[in-house]
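Below you'll find the structure, written out as structure tokens, and then a few comments.
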There are 2 protein chains.
Amino acid sequence: MATQLQRNGPGGTKSHQLFLLLKDAITSGRMAPGTKLSGELKLAEEHRVSRVTVRRALEALMEEGLIMRKPGVGTLVCERPVGATVMTASVSNLLPNIVKMGESSRVRLLEFGYGYPQDGVRERLRLEEGERTQLSVRVRLAEDKPFSYLTTHVPERIALSYNEEDLGSTPLYSLLERSGVRLDHAAQTISATLATKDVAEALDVAVGSPLISLTRVVYDVDGRGVEHLHALYRPDRYRIEIDLCRAGDADDRYWQPLAPESQ
Amino acid sequence: MATQLQRNGPGGTKSHQLFLLLKDAITSGRMAPGTKLSGELKLAEEHRVSRVTVRRALEALMEEGLIMRKPGVGTLVCERPVGATVMTASVSNLLPNIVKMGESSRVRLLEFGYGYPQDGVRERLRLEEGERTQLSVRVRLAEDKPFSYLTTHVPERIALSYNEEDLGSTPLYSLLERSGVRLDHAAQTISATLATKDVAEALDVAVGSPLISLTRVVYDVDGRGVEHLHALYRPDRYRIEIDLCRAGDADDRYWQPLAPESQ
DNA sequence: TATAAATGTATTATTAATAGTACAAGTAAG
DNA sequence: CTTACTTGTACTATTAATAATACATTTATA
């Protein structure tokens with residue numbers, strides 16, 4: 001069984017740890033909707049914790065709408081529809097201005113301006129020391145609920161070829177290609193991180209919540225950086241999906257990502 | 001709306017939350033090695049906590065070797081300690097038994113056995129109610145340091161075609177194809193989650209740390225589930241990378257994931 | 001050298017988390 | 001109805017986390 005939960009130090013409280021444990025069991029599907037949890041006393045015994053602590057954890061789960069409690073009955077895992085809309089993005093269209101997505105989503109602009117990017121951004125965009133970039137911070141909403149926090153850098157010389165109005169009506173990549181930029185390739189890195197204070201406010205989550213982190217750098221045919229995107233997604237409202245199919249000869253088989261036209 | 005660090009309830013202690021935030025800022029590279037952190041007083045002010053709380057968080061960071069502190073000087077982000085190897089996986093070879101990866105990594109088996117899978121797993125594998133699966137929980141290490149926590153379900157009828165020795169020497173997919181299973185396609189979902197107690201212990205991270213979560217289901221040509229993998233990755237030791245190139249006609253341009261042979 | 005700023009240390013008071021216990025109230029089953 | 005089990009509520013005692021303050025020590029710098 002689970003080792004003992006720790007009380008002290010920066011390891012989180014016992015109730016927090018138990019909350020995470022149960023939440024993960026639910027959201028991962030190990031406890032299906034409708035499943036009845038053990039009673040509070042039994043949970044307390046199982047995790048060697050007092051009933052107060054168990055109740056703290058269960059109250060937090062109820063606030064997130066993951067469980068239902070009824071006196072005399074017990075605690076049940078909620079049905080999933082509470083989860084509302086989960087936006088899914090296939091790997092090949094992880095783009096900021098997808099047409100389909102645009103229809104059902106709004107954008108809130110938090111920051112806009114020009115300045116000197118941080119070292120990491122400048123290096124990945126392969127810019128000189130003195131070059132400036134256009135910075136924009138946006139929050140994307142679906143059904144009036146925020147699900148992504150986007151920080152975009154575009155080299156100033158490129159950004160000047162369009163204005164904000166254009167951005168509202170046309171996908172960025174179309175704008176760029178119309179103005180002569182020849183897009184060639186992009187590198188994406190996916191990771192996970194925690195919500196900081198500002199992001200947490202914008203995405204309406206608690207500080208310290210887990211977020212999907214995606215960084216994409218787009219290059220033109222000359223290898224010059226065109227766009228640097230850092231995106232943070234709420235995992236309960238956004239998923240990244242990748243479909244693969246088996247390809248190759250019998251001796252040399254590998255997985256091939258599905259391209260848009262074959263989907 | 002949570003703008004302040006929360007003290008009460010199952011949200012972890014303030015020092016824990018601050019610890020996680022700072023740790024993530026360091027390991028993600030937002031704070032480069034050598035960077036000087038704000039002073040304890042300033043940090044306390046910025047996060048609206050007391051200095052004691054800041055010190056708790058900093059002490060935890062020092063225990064992990066992420067920062068250096070010197071009286072009269074300040075707190076510096078440490079240079080990347082040895083063993084900061086970051087394993088990267090291209091999207092098309094997100095496989096549990098890659099040859100290249102296998103060379104430099106070891107596996108620790110935590111659980112192994114047969115049983116009835118949870119509903120979510122069973123549905124995704126498209127199994128009947130009574131069918132059993134082989135369950136294995138593994139931790140993968142690189143340079144003796146854990147970076148992934150893998151939970152695998154394989155339908156019993158398929159799992160019986162190989163034994164554990166085979167698994168040690170040959171990639172699972174090769175084993176399966178040799179025994180007649182015709183792999184066809186796979187669906188992957190990438191998300192983010194927090195480390196629970198058991199996972200945290202296995203991966204040697206703090207409870208509540210962010211983790212990359214990946215679920216993959218592999219199907220054969222008849223659409224039957226062959227493998228269900230749930231993987232949790234330490235973001236400081238593992239990255240998922242996807243390279244795309246621009247393809248299509250002028251009127252219908254899209255992003256095409258790069259296949260292995262073109263890399 | 002004097003000053004400022006940083007960490008290290010110490011103290012006190014307040015508040016929150018936890019454990020343990022007890023009892024009330026709702027529900028289902030015999 | 002009675003019994004058993006559930007959640008809801010209340011209370012006390014203990015311990016940890018936090019806030020606030022003060023002061024010492026180390027270091028860089030003007």
Side-chain angles (χ1 to χ4, degrees), chain A residues 2-22 31 34-63 65-78 197 206-208, chain B residues 2-22 31 34-63 65-78 197 206-208:
Chain A
T3 36
Q4 214 161 353
L5 300 179
Q6 298 167 353
R7 177 182 191 179
N8 57 343
T13 61
K14 289 188 183 181
S15 57
H16 182 225
Q17 293 171 42
L18 183 55
F19 160 71
L20 289 173
L21 207 72
L22 295 174
M31 301 186 78
T35 305
K36 189 175 167 187
L37 275 71
S38 309
E40 294 175 357
L41 268 174
K42 197 174 176 186
L43 279 176
E45 189 185 349
E46 284 173 3
H47 296 88
R48 294 173 196 177
V49 134
S50 78
R51 197 179 150 215
V52 184
T53 306
V54 171
R55 284 183 62 77
R56 286 256 172 86
L58 294 181
E59 281 157 16
L61 288 173
M62 209 164 54
E63 272 187 17
L66 291 171
I67 58 172
M68 266 188 47
R69 318 169 74 186
K70 224 179 167 186
V73 179
T75 303
L76 302 177
V77 177
C78 280
K197 194 170 47 170
V207 173
Chain B
T3 158
Q4 267 177 331
L5 295 183
Q6 298 168 353
R7 176 183 192 180
N8 57 341
T13 59
K14 289 188 182 181
S15 56
H16 182 226
Q17 292 172 43
L18 183 55
F19 159 71
L20 290 173
L21 288 183
L22 294 175
M31 300 185 78
T35 305
K36 188 174 166 186
L37 275 71
S38 309
E40 294 176 356
L41 269 174
K42 197 173 176 188
L43 279 175
E45 190 185 348
E46 284 172 5
H47 295 87
R48 296 173 194 178
V49 295
S50 76
R51 195 176 152 220
V52 184
T53 305
V54 171
R55 285 183 61 77
R56 285 256 172 87
L58 295 181
E59 280 157 17
L61 288 173
M62 209 163 55
E63 273 187 17
L66 292 171
I67 57 171
M68 265 188 46
R69 318 170 75 186
K70 227 179 166 185
V73 179
T75 303
L76 302 177
V77 177
C78 281
K197 188 77 181 6
V207 173

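In what follows, every chain begins at residue 1, and chains take the letters A, B, ... in the order their sequences are listed.
- Following rounding to the nearest Å, B:H47 (NE2) and D:dA19 (P) show an atom-to-atom distance of 13 Å.
- Of the listed nucleotides (D:dA19, D:dT18, C:dT18), D:dT18 has the atom at the smallest distance from the side chain of B:R56.
- Each end of the helix from C:dT1-D:dA30 to C:dG30-D:dC1 gets its own axis, taken as the rotation carrying the C1' atoms of four end pairs onto the next four within a five-pair window, and the two axes meet at 30° to the nearest 10 degrees.
- For the pair A:K42 NZ and D:dA4 P, the interatomic distance rounds to 18 Å; values are reported in whole Å.
- Using a 4.0 Å cut-off, some side-chain N or O of B:K14 falls inside it from OP1 or OP2 of D:dA19.
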Check: protein-nucleotides 24-30 of chain D nitrogen or oxygen pairs below 3.5 Å:
unit_1	atom_1	unit_2	atom_2	d
D:dT26	O2	B:G72	N	3.3

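- The side chain of A:V49 has C:dA19 as its nearest neighbour among C:dT7, C:dA19, D:dT18.
- Listed by chain and residue number, B:T53 satisfy the side chain to side chain donor-acceptor pair (under 3.5 Å) test with B:S50 (two or more places apart in sequence, or in another chain).
- For the pair A:S15 and C:dT18, the criterion of a side-chain N or O lying under 4.0 Å from OP1 or OP2 is met.
- The side chain of A:V52 lies closest to C:dA19, out of C:dA19, C:dT7, D:dT7.
- Taking side-chain N and O atoms only, B:T75 has a distance below 4.0 Å to OP1 or OP2 of C:dT7.
- Of all heavy-atom pairs between A:A57 and A:S15, the closest is CB-O, 3.6 Å.
- Atom pair B:E59:CD and C:dG8:C1' shows a separation of 10 Å (rounding to whole Å applied).
- Side-chain N/O atoms of A:R51 include none lying less than 4.0 angstrom from OP1 or OP2 on C:dA19.
- Atom CZ of B:R48 is separated from atom P of D:dA20 by 13 Å (rounded to the nearest Å).
- With values rounded to the nearest 0.5 angstrom, B:L22 atom CG is found 10.0 Å from B:L66 atom CG.
- Evaluation of the side-chain contact (heavy atoms from CB on, under 4.5 Å) rule for B:E46 yields B:S38, B:K42, B:L43 as partners, not counting sequence neighbours.
- Rounded to an integer number of Å, the gap from CD of B:E45 to C1' of D:dA20 is 15 Å.
- Distance, A:L76 CG to C:dT27 P: 13 Å, rounded to whole Å.
- What separates CG of A:L41 from P of D:dA4 is a distance of 16 Å, to the nearest Å.
- The minimum heavy-atom distance between B:F19 and B:A60, with the atom names listed, is CD1-CB, 3.5 Å.
- Applying the side-chain contact (heavy atoms from CB on, under 4.5 Å) criterion to A:K36, with sequence neighbours excluded, gives A:L76.
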Inset, instruction - Test B:L37 against B:V77 for side chain to side chain contact (heavy atoms under 4.5 Å, CB included), laying out the working first. - result: CA-CA 7 Å; B:L37 275 71; B:V77 177; 3.6 Å; yes
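- A heavy-atom distance below 4.5 Å is not found between the side chains of B:E59 and B:E63.
- Not one side-chain nitrogen or oxygen of B:S50 sits closer than 4.0 Å to the OP1 or OP2 atom of D:dT18.
- Residues passing the side-chain contact (heavy atoms from CB on, under 4.5 Å) test with A:M62 are A:I67, A:R69, sequence neighbours excluded.
- Considering only side-chain N and O atoms, A:T53 lies nowhere under 4.0 angstrom from the phosphate OP1 or OP2 of C:dA17.
- When the P atom of C:dT21 is taken as reference, atom CD of A:E40 falls 17 Å away, rounded to whole Å.
- Residue A:R55 places at least one side-chain N or O closer than 4.0 Å to OP1 or OP2 of D:dG8.
- Within the model, atoms CD of B:Q17 and CG of B:L21 stand 7.5 Å from one another, a figure rounded to the nearest 0.5 Å.
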